[in-house]
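A short write-up of the structure that comes next.
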Amino acid sequence: MNDFQHEDSAATPPPTYMATDPNFAIFDWIENEDALRDEAVLFGLSEGDIAQRVAVIDAYFQQHIVVAAQQQQYLEEKKTRLELSLSQQQNLLTQATASRQQLATQTPAAPSHKLRLAVGTVAYLLSAALGFTWVYEWLSPYWSQPVWVTAGMYAFGMFSLWSNTAMLYAEKSEQPTGWQKWAEEVGIPLVAAFFVVVWGLADRPALHSIAVLLATFFLFAYAGKGLLGNLARWASVLREENATKRNDQWRNVQLERLETEIGTYSAQVAGLQKDLEEIYLQLAEFVSPKSWQAKREVAVRLFESEAQLARATKQDNGGQMPKPFRSHFDFEAS
């Protein structure tokens with residue numbers, strides 16, 4: 001808008017009307033109907049050349065027509081520029097408002113259930129840590145270094161399912177199917193649990209062995225997988241939180257930028273609307289070239305008719321002249 005105002009203010013406005021110039025005050029009688037009638041009557045009685053006076057009247061109005069045409073062109077061009085600029089600013093304001101509305105009503109991120117995930121992770125950690133104790137107690141009487149044996153079997157039974165390099169698969173990226181899946185999901189924890197229990201079968205009650213077998217099997221089948229799965233979900237949740245945080249920061253920056261742009265566009269639209277209202281008012285009060293042309297036609301016809309009527313009246317009175325008169329075209333001697 002500033003560029004437009006600067007360009008518009010730098011434009012040269014058209015000349016003003018002759019009627020505002022004191023040098024043309026002697027022609028005021030042309031636009032005054034009573035004075036025009038008087039001048040026409042006096043000129044008709046003086047037997048002057050009506051065509052000369054008509055040429056003066058015509059030249060007077062022709063000057064107004066030219067000036068009015070220039071002013072009309074200037075106002076219309078200014079109105080067109082203002083309307084174009086207003087349309088552009090309104091489009092920018094609409095786009096900025098729509099963008100702000102879209103950002104402001106953006107769907108929030110789904111809840112991550114971090115509390116539930118944290119409780120599950122702690123439960124799996126406790127199960128894995130405390131489950132190690134009974135496996136160790138069960139194997140310790142039968143091995144000279146039970147810690148290493150227990151740790152090895154514990155790692156095999158609980159975490160071996162997460163390896164992607166199993167020789168059972170033709171391709172590393174191939175997912176297990178059929179018997180391969182069952183062997184991985186059930187076979188490994190079952191073998192590991194049976195290995196733990198078999199060392200104490202001869203010394204301990206059968207019911208105790210069955211309980212340890214079942215507990216160890218389900219510990220190996222679920223605890224390790226659940227723990228590693230929760231750790232993977234933690235990584236995903238943290239990535240999503242970071243992405244959401246960055247998105248919120250970006251959104252806040254964009255909202256601040258849009259608020260500033262909306263304020264600027266709104267001010268520009270208001271200023272352009274005010275300028276347009278002034279132009280519309282000037283155009284409403286403006287005397288168009290057609291109006292000046294119509295005034296010229298009326299003034300010429302009125303002058304001719306009054307002059308001819310006065311001349312005819314003089315002839316009807318025997319050619320007698322009225323007492324001396326002073327015309328509007330008579331200038332005082334300097």
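Quantities reported herein were computed from a predicted structural model and do not represent experimental measurements. Throughout, residue positions are numbered sequentially from 1 according to the sequence presented.
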Calculate, to the nearest 0.5 Å, the distance between atoms [atom1] and [atom2] belonging to [X] and [Y] respectively.
| X | Y | atom1 | atom2 | value |
| --- | --- | --- | --- | --- |
| Leu281 | Glu277 | CG | CD | 9.5 Å |
| Gln268 | Gln90 | CD | CD | 12.0 Å |
| Lys295 | Ile65 | NZ | CD1 | 11.0 Å |
| Lys78 | Ile279 | NZ | CD1 | 4.0 Å |
| Arg100 | Glu261 | CZ | CD | 11.5 Å |
| Ile262 | Leu255 | CD1 | CG | 9.0 Å |

Using a 4.5 Å cut-off on heavy atoms from C-beta on, say whether the side chain of [Y] contacts that of [X].
| X | Y | answer |
| --- | --- | --- |
| Tyr280 | Lys79 | yes |
| Glu76 | Leu283 | yes |
| Leu213 | Ser209 | no |
| Phe194 | Val197 | no |
| Val67 | Gln63 | yes |
| Leu82 | Leu86 | no |
| Gln293 | Phe61 | no |
| Met153 | Val135 | no |

Verify same cluster id: [X], [Y] (apolar side-chain graph, 4.5 Å):
| X | Y | result |
| --- | --- | --- |
| Leu309 | Ile57 | no |
| Val191 | Phe195 | no |
| Val198 | Trp134 | yes |
| Val66 | Val56 | no |
| Val300 | Val298 | no |

Check against side-chain contact (heavy atoms from CB on, under 4.5 Å), Gln89 and Leu92 = CA-CA 5 Å; Gln89 295 301 320; Leu92 292 174; 4.3 Å; yes
Where do [X] and [Y] come nearest, in terms of heavy atoms and distance?
| X | Y | value |
| --- | --- | --- |
| Pro141 | Arg204 | CG-NH2, 3.8 Å |
| Leu139 | Trp199 | CD2-CD1, 3.5 Å |
| Asn230 | Gly120 | ND2-C, 3.3 Å |
| Ala193 | Phe217 | CB-N, 3.6 Å |
| Arg233 | Leu117 | NE-CD1, 3.7 Å |
| Ser266 | Leu93 | OG-CD1, 3.6 Å |

Side chain of [X], backbone of [Y]: donor and acceptor closer than 3.5 Å?
| X | Y | result |
| --- | --- | --- |
| Ser236 | Ala232 | no |
| Arg251 | Leu103 | yes |
| Ser85 | Arg81 | no |
| Ser99 | Gln95 | yes |
| Asn252 | Asp248 | yes |
| Asp58 | Val54 | no |

Who pairs with Arg116 by side chain to side chain contact (heavy atoms under 4.5 Å, CB included), at least two apart in sequence or on another chain?
-> His113
Restricting to pairs with a member in residues 138-150, which pass side-chain hydrogen bond (donor to acceptor under 3.5 Å, both in side chains), not counting sequence neighbours?
-> Tyr142-Asp203
Does the pair Tyr124 and Thr121 meet the rule for a side-chain contact (heavy atoms from CB on, under 4.5 Å), with working shown?
-> CA-CA 5 Å; Tyr124 282 126; Thr121 303; 5.8 Å; no
Just jot down the salt bridge (charged side-chain N to carboxylate O under 4.0 Å, His left out) partners of Glu77, sequence neighbours excluded, or say none.
-> none
Does one side chain, of Arg257 or Gln254, offer a donor that lies under 3.5 Å from an acceptor on the other?
-> yes
Leu84/Thr80 under side-chain contact (heavy atoms from CB on, under 4.5 Å): CA gap, chis, key distance, verdict | CA-CA 6 Å; Leu84 177 60; Thr80 300; 5.5 Å; no
